[in-house]
Amino acid sequence: MRFSDIGIKSNAIVGKKIEIEELFNKRILIEKVLLAPTKYPGKNQSGLRMQMQIVLATFNENCDANGDYFTKDNEGVAIGERRSCFTGSDILIDEIQRAESQVAEINKSLKDGEKPQTLFPIDTTIVKTGKCFQFK
């Protein structure tokens, strides 16, 4: 038996590190996030840090049959360079946590046979307003 036959997928974030400032005002695709205690206590109120796996994807003008605007390979995986980004932004962390909660609530109300929603991959732009970062 091969390990891949078991169906366990890695939770690891892949890709060379990219500074969040390099992502401001650029349309990106977030494939996954990991939340963990910060290595720098006192830097934010949540005490958390977020690591994001970003795809520097190519986007189409029109969506595909799944409602996605990003280009995909034959297996439906986003095409583009994968990068890793860390942030301690309480606003971004809160927005991701609220989005995950909303998706969970939507899935609770699904009827039999309806496809569960997933948050990732998510098409977004990170903007900086003053000292605050936000997803748009």
Ignoring hydrogens and angles, tell me if any N or O in the side chain of [X] forms a donor-acceptor pair with the backbone of [Y] under 3.5 Å.
X      : Y      : answer
Asp73  : Glu75  : yes
Thr129 : Cys132 : no
Asn66  : Asp68  : no
Gln53  : Val14  : yes
Asp94  : Arg98  : no

Counting C-beta onward and ignoring hydrogens, is there a side-chain heavy-atom pair between [X] and [Y] closer than 4.5 Å?
X      : Y      : result
Lys32  : Ile54  : no
Met1   : Ile6   : yes
Val55  : Ile28  : no
Phe120 : Glu100 : yes
Ile96  : Phe135 : yes
Thr58  : Ile79  : no
Ile20  : Thr87  : yes

Hey, what do you get for [atom1] ([X]) to [atom2] ([Y]), rounding to the nearest 0.5 Å?
X     : Y      : atom1 : atom2 : result
Glu95 : Lys136 : CD    : NZ    : 7.5 Å
Gln97 : Ser46  : CD    : OG    : 7.0 Å
Glu21 : Cys85  : CD    : SG    : 8.0 Å

Same apolar cluster: [X] and [Y], side chain cutoff 4.5 Å:
X      : Y      : answer
Ile122 : Ile93  : yes
Tyr69  : Leu23  : no
Met52  : Ile91  : no
Phe133 : Val33  : yes
Met50  : Val103 : yes

Could you check whether Glu81 pairs with Arg83 (Lys NZ or Arg NE/NH1/NH2 to Asp/Glu carboxylate O, under 4.0 Å)?
yes
Qualifying residues under side-chain contact (heavy atoms from CB on, under 4.5 Å), relative to Leu110, sequence neighbours excluded
Asn107, Glu114, Pro116
Lys26 to Phe24 six-membered ring, cation-pi geometry met (6.0 Å, 45°):
no
Asp90: partners by salt bridge (Lys or Arg N to Asp or Glu O under 4.0 Å), with sequence neighbours left out:
none
Which residues pass the salt bridge (Lys or Arg N to Asp or Glu O under 4.0 Å) test with Lys115, not counting sequence neighbours?
none
In a check of side-chain hydrogen bond (donor to acceptor under 3.5 Å, both in side chains) between Arg27 and each of Asp123, Thr125, Thr124, which one passes?
Asp123
Checking [X] now: which residues fulfil side chain to side chain donor-acceptor pair (under 3.5 Å) with it, not counting sequence neighbours?
X     : answer
Ser84 : Gln51
Gln45 : none
Arg82 : Glu31

Write down the atom of Leu29, the atom of Phe70, and the distance for their closest heavy-atom approach.
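Answer, listing the atom of Leu29 first, then Phe70: CD1-CD2, 3.6 Å.
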